[in-house]
A.B. asks: 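Mind having a look at this structure? Questions to follow.
Letters A, B, ... are given to chains in the order of the sequence lines, protein chains preceding strands, and every chain is numbered from 1.
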Amino acid sequence: MMQWSLRITAYADRLLQGLDTIEWSDSLKEIQKNWIGRSEGATIFFKIKDHDLALEVFTTRPDTIFGSTFMVIAPEHEWTEKITTPEYSEKVKAYTIAASNRTERERMTEVKTVSGQFTGAYCDHPFTGNPIPVYVADYVLAGYGTGAIMAVPAHDSRDYAFAKHFGLPIVEVVAGGNIEEGSYDAKTGTLINSDFINDMQVNAAITTVIQQLEDKGIGSKRINFRLRDAIFSRQRYWGEPFPVYYKDGMPYMMDESKLPLELPEVDKYLPTESGEPPLARANNWQTEEGYPIETNTMPGFAGSSAYFLRYMDPKNDKELVSREAIEYWQDVDLYIGGAEHATGHLIYARFWNKFLYDIGVSVKEEPFKKLINQGMIQGRSSFVYRVKGTSKFVSYNLRKDYETMPIHVDVNIVHNDILDTDAFKKWNPEYKDAEFVLEEGKYICGWEVEKMSKSFHNVVNPDDLIQRYGADTLRLYEMFLGPLEYAKPWDTNGIEGVFRFMKKLWRLYHTNNNAFEVSEEKASPAELKALHKTIKKISEDIEKFSFNTAVSQFMICVNELTDLKCNKREILSPLATVVSSFAPHIAEELWQQLGNKESIVSAPFPQWKEEYIADAMDMYPVSFNGKTRFKIEMPAGSTKEEVEAAVLKADEAQKWLEGKAPKKVIVVPKKIVNVVI
RNA sequence: GCCCGGAUGGUGGAAUUGGUAGACACCCAGGACUUAAAAUCCUGUGUCCAUUGCGGACGUGCGGGUUCAAGUCCCGCUCCGGGUACCA
């Protein structure tokens with residue numbers, strides 16, 4: 001079947017290099033790096049005896065060429081049949097057929113089993129001229145490299161296993177391993193048994209061999225990628241149609257003036273009787289001139305690869321995006337999403353954007369400047385243990401006495417791991433006659449952390465929490481749980497703390513009788529410090545997406561202001577603004593109470609002033625031989641010498657000095673003092 | 001197997017460039033207020049020793065190292081999570 005493909009491989013190198021310019025997680029970059037799979041090596045031609053052909057192989061280790069004792073080609077290799085000698089023809093045919101009948105799954109599970117077949121053919125070693133037998137084996141993949149390899153059993157574990165199995169010679173060419181025990185695959189060591197590259201190190205040998213191959217015209221340096229071109233056609237109805245028509249069997253692009261090309265009406269969204277895609281059912285699926293239009297449609301990633309550009313200018317009916325819009329918006333500042341798209345959408349979108357950049361549509365090479373993998377909130381599943389073949393359920397700690405089957409049970413009928421047995425009977429008609437073996441009068445459930453999913457019956461509905469604590473508390477609590485990237489099981493222990501904070505915040509603006517009351521008095525330095533410290537920390541934490549520490553700073557601030565009994569507008573008004581991006585509802589309410597007519601969303605985020613935060617005194621922890629012993633306060637801006645003198649004079653220092661003179665005193669300004677004795 | 005993350009109190013977690021480990025919370029214990037409860041507030045809370053007052057030792061998965069100083073850097077392990085798999 002003829003298919004459209006996107007030549008993503010043409011961008012392989014740039015997709016790889018671009019990773020260095022974007023702020024994505026290491027793991028995601030690593031997945032893409034492996035997927036692209038760049039490997040540097042050489043392509044080498046081995047002349048086949050009695051044929052006018054040369055077998056091309058790809059290798060990352062041209063330095064080991066003198067250790068090559070056999071060749072292997074993939075069963076699907078185009079020359080398999082051609083080079084096989086009549087003597088081996090039957091066997092090779094049988095092997096090839098057997099290999100092609102094995103499913104992907106079988107090939108994967110049988111990774112460790114060695115199989116192959118000699119073809120009867122030989123190659124000439126390009127340097128020694130020695131004959132090298134050619135085998136066919138399915139551990140060589142047709143789709144990677146050239147579908148043929150030069151096998152170096154001494155330095156490749158797969159070739160080693162193959163050689164051992166078929167009793168082929170193993171020649172060590174890089175010193176450093178023990179080839180009696182296994183192959184030595186490391187890319188370091190000194191070359192031996194290798195003619196003109198003897199005594200060289202691996203890297204030098206690689207360069208030298210490539211040079212020789214190029215001089216002799218039988219090979220060259222080559223970079224190979226694991227990345228494959230992406231099949232871009234689908235034989236279904238729903239998808240963007242290709243603006244392509246056929247004239248004399250040749251495809252032509254439709255003129256831009258004829259776009260957009262819209263899906264035609266069809267009687268059924270099914271293939272035709274002759275197996276053509278659904279679009280072939282349409283009447284008049286042809287150009288004005290009568291040329292037939294392509295009947296395949298595009299896959300889902302056609303749209304998902306560029307929608308972010310379209311969002312910049314969604315109503316434009318002339319082009320994807322206007323120059324003006326793209327120059328304004330440029331790229332996506334922040335993409336929050338899952339790692340599961342690493343080798344699909346996230347790589348296609350990068351590729352499309354690079355292509356659009358090349359033709360002058362996009363203005364940035366990379367579409368997503370920063371990407372954060374939000375951690376998954378997992379579920380905590382509960383289990384009951386059914387005694388096999390009965391409707392009897394046994395409590396968690398007694399399950400060992402029976403032969404049981406764990407069954408997921410709805411977490412909403414389990415409280416503190418204790419099952420509500422009545423609710424369980426009603427939960428599923430299948431269990432209406434359930435009997436229970438209890439421990440201490442209770443049915444205890446087992447538990448496990450799993451993905452939150454309906455099929456595991458561990459889904460919790462936030463509505464109940466919102467009912468009890470409000471949406472702001474839930475929102476704040478989710479942030480407070482830990483770093484954005486962390487996966488963690490959903491656990492409501494701790495939500496009380498956030499709820500208490502909300503109530504404390506409210507109380508700052510209200511009297512004991514819950515009447516709104518703020519003072520117009522001037523703020524004290526301590527109050528200003530509490531506020532400005534908070535504005536600073538929140539500003540920084542937002543930039544770092546460190547929301548858990550931001551919430552904790554709000555708590556600190558509210559605790560401090562409560563201790564200071566502060567209810568001054570000068571403090572509480574900016575505080576509400578800072579809080580509003582975290583707990584919007586309560587902040588808006590307080591904002592209105594403060595007498596503002598406009599919504600808090602239009603209030604500018606306050607700027608902190610360093611002068612309010614700066615201390616008049618610096619606190620120095622003083623340690624002796626690295627152990628903190630006491631603290632000393634020094635006026636801000638004291639010199640190292642002043643700090644040192646003050647420390648040595650301090651009463652507490654005498655105890656630790658024991659009358660001896662210190663060997664050394666280290667003073668780190670604004671940080672610490674360490675006395676070495 | 002290979003690659004990438006991670007391991008800090010009973011728990012979730014904090015700790016800019018190496019510079020007071022355990023911020024902020026939860027839990028737990030004790031106390032105040034109350035007829036009572038809820039709510040609120042106060043005190044304690046890494047471990048061990050001492051506890052009459054002070055205080056002291058140990059401590060960031062394990063074993064080494066660098067440094068005046070290591071949760072943070074280096075070397076060697078263990079365990080957990082994720083990715084990937086005959087890629088030559």
A.B. asks: Parallel, tilted or perpendicular: which fits the ring planes of A:H341 and A:H345, with parallel below 30° and perpendicular above 60°?
C.D. replies: perpendicular

A.B. asks: Can you identify which nucleotide, out of B:C86, B:C41, B:A88, has its nearest atom closest to the A:Y139 side chain?
C.D. replies: B:C86

A.B. asks: Taking B:G18 as the reference, what is the distance to B:A70 when you measure between their C1' atoms (whole Å, please)?
C.D. replies: 6 Å

A.B. asks: Would you measure the distance from the C1' atom in B:U8 across to the matching atom in B:G71 and give it in whole Å?
C.D. replies: 7 Å

A.B. asks: If I take atom CG in residue A:L505 and atom C1' in nucleotide B:U40, what distance separates them, rounded to the nearest angstrom?
C.D. replies: 16 Å

A.B. asks: Rounded to whole angstroms, how far apart are CE on A:M479 and P on B:A25?
C.D. replies: 17 Å

A.B. asks: For the residue pair A:Y509 and A:F516, categorise the inter-ring angle as parallel (less than 30°), tilted (30 to 60°) or perpendicular (more than 60°).
C.D. replies: parallel

A.B. asks: Atom CD of A:E30 and atom P of B:U84: how far apart are they, to the nearest Å?
C.D. replies: 13 Å

A.B. asks: Is A:I149 touching bases, backbone alone, or none of the nucleic acid, heavy atoms closer than 4.0 Å?
C.D. replies: base

A.B. asks: Pairing check on B:A7: which nucleotide meets the Watson-Crick or G-U wobble criteria with it, both distances under 3.5 Å?
C.D. replies: B:U78

A.B. asks: If the glycosidic angle is within 90 degrees of 0 it's syn, otherwise anti, so just tell me which one B:G9 is.
C.D. replies: syn

A.B. asks: Any salt bridge linking A:K221 with A:E40? Criterion: basic side-chain nitrogen under 4.0 Å from a carboxylate oxygen.
C.D. replies: yes

A.B. asks: In whole angstrom, give me the gap between the C1' atoms of B:G5 and B:U17.
C.D. replies: 23 Å

A.B. asks: Starting at CZ of A:R629 and ending at P of B:G56, how long is that distance when rounded to a whole Å?
C.D. replies: 6 Å

A.B. asks: Taking 4.0 angstrom as the limit, do A:R7 and A:D229 come out as a salt bridge?
C.D. replies: no

A.B. asks: So which nucleotide does B:C86 pair with, by the Watson-Crick or G-U wobble rule with both distances under 3.5 Å?
C.D. replies: none

A.B. asks: Quote, to the nearest angstrom, the P distance that separates B:G56 from B:A21.
C.D. replies: 14 Å

A.B. asks: Please determine, for B:C27, whether a Watson-Crick or G-U wobble partner exists with both distances under 3.5 Å, and give it or none.
C.D. replies: none

A.B. asks: Do A:S39 and A:Y144 meet the criterion of a side-chain donor-acceptor pair at a distance under 3.5 Å?
C.D. replies: yes

A.B. asks: When we call it a touch if two heavy atoms are under 4.0 Å apart, what does A:K504 touch: a base, just sugar-phosphate, or nothing?
C.D. replies: sugar-phosphate

A.B. asks: For the C1' atoms, the ones on B:C27 and on B:G13, what distance do you get once it is rounded to whole angstrom?
C.D. replies: 14 Å

A.B. asks: For A:H125 together with A:F66, are the ring centres under 6.0 Å from each other?
C.D. replies: yes

A.B. asks: Just how far, in rounded Å, is P of B:A88 from OH of A:Y160?
C.D. replies: 21 Å

A.B. asks: Calculate the interatomic distance between A:L648 atom CG and B:C68 atom C1'; express it in whole Å.
C.D. replies: 14 Å

A.B. asks: Which nucleotide, in any strand shown, forms a Watson-Crick or G-U wobble pair with B:A69, with both distances under 3.5 Å?
C.D. replies: none

A.B. asks: Indicate the ring-plane relationship of A:Y135 and A:F118, choosing parallel, tilted or perpendicular according to the 30° and 60° boundaries.
C.D. replies: tilted

A.B. asks: Each nucleotide in nucleotides 13-24 of chain B should get exactly one letter: B, S or -. Can you fill that in based on protein heavy atoms under 4.0 Å?
C.D. replies: SS--B-BBS-BB

A.B. asks: Could you go through the side chain to side chain contact (heavy atoms under 4.5 Å, CB included) check for A:S157 and A:D185 one step at a time?
C.D. replies: CA-CA 7 Å; A:S157 54; A:D185 297 11; 3.6 Å; yes

A.B. asks: When you compare B:C73 with B:A25, how far apart are their P atoms, in angstrom units rounded to a whole number?
C.D. replies: 29 Å

A.B. asks: May I have the distance from A:E496 (atom CD) to B:U40 (atom C1'), rounded to whole angstrom?
C.D. replies: 13 Å

A.B. asks: I want to verify a distance call: between B:C27, B:C68, B:C3, whose nearest atom is closest to the A:R500 side chain?
C.D. replies: B:C27

A.B. asks: Whole angstrom is fine here: how far is it from CZ in A:F630 over to P in B:G55?
C.D. replies: 13 Å

A.B. asks: Are A:Y469 and A:Y477, when compared by the centres of their aromatic rings, separated by less than 6.0 Å?
C.D. replies: no

A.B. asks: Establish, with yes or no, whether the OP1 or OP2 oxygen of B:C68 is under 4.0 angstrom from a side-chain nitrogen or oxygen of A:K663.
C.D. replies: no

A.B. asks: Under a 3.5 Å cut-off for both contacts, is B:G18 paired Watson-Crick or G-U wobble with anything, and if yes, with which nucleotide?
C.D. replies: none

A.B. asks: What distance, rounded to whole Å, do you find between the two P atoms, one in B:C26 and one in B:A39?
C.D. replies: 13 Å

A.B. asks: Within the 4.0 Å heavy-atom criterion, would you say A:R222 contacts the bases, only the backbone, or no part of the nucleic acid?
C.D. replies: nothing

A.B. asks: Between B:C28 and B:G82, how far apart are the two P atoms, rounded to whole Å?
C.D. replies: 32 Å

A.B. asks: Using purine N1 to pyrimidine N3 plus N6-O4 or O6-N4 for Watson-Crick, or N1-O2 and O6-N3 for G-U wobble, each under 3.5 Å, what pairs with B:G55?
C.D. replies: B:C49

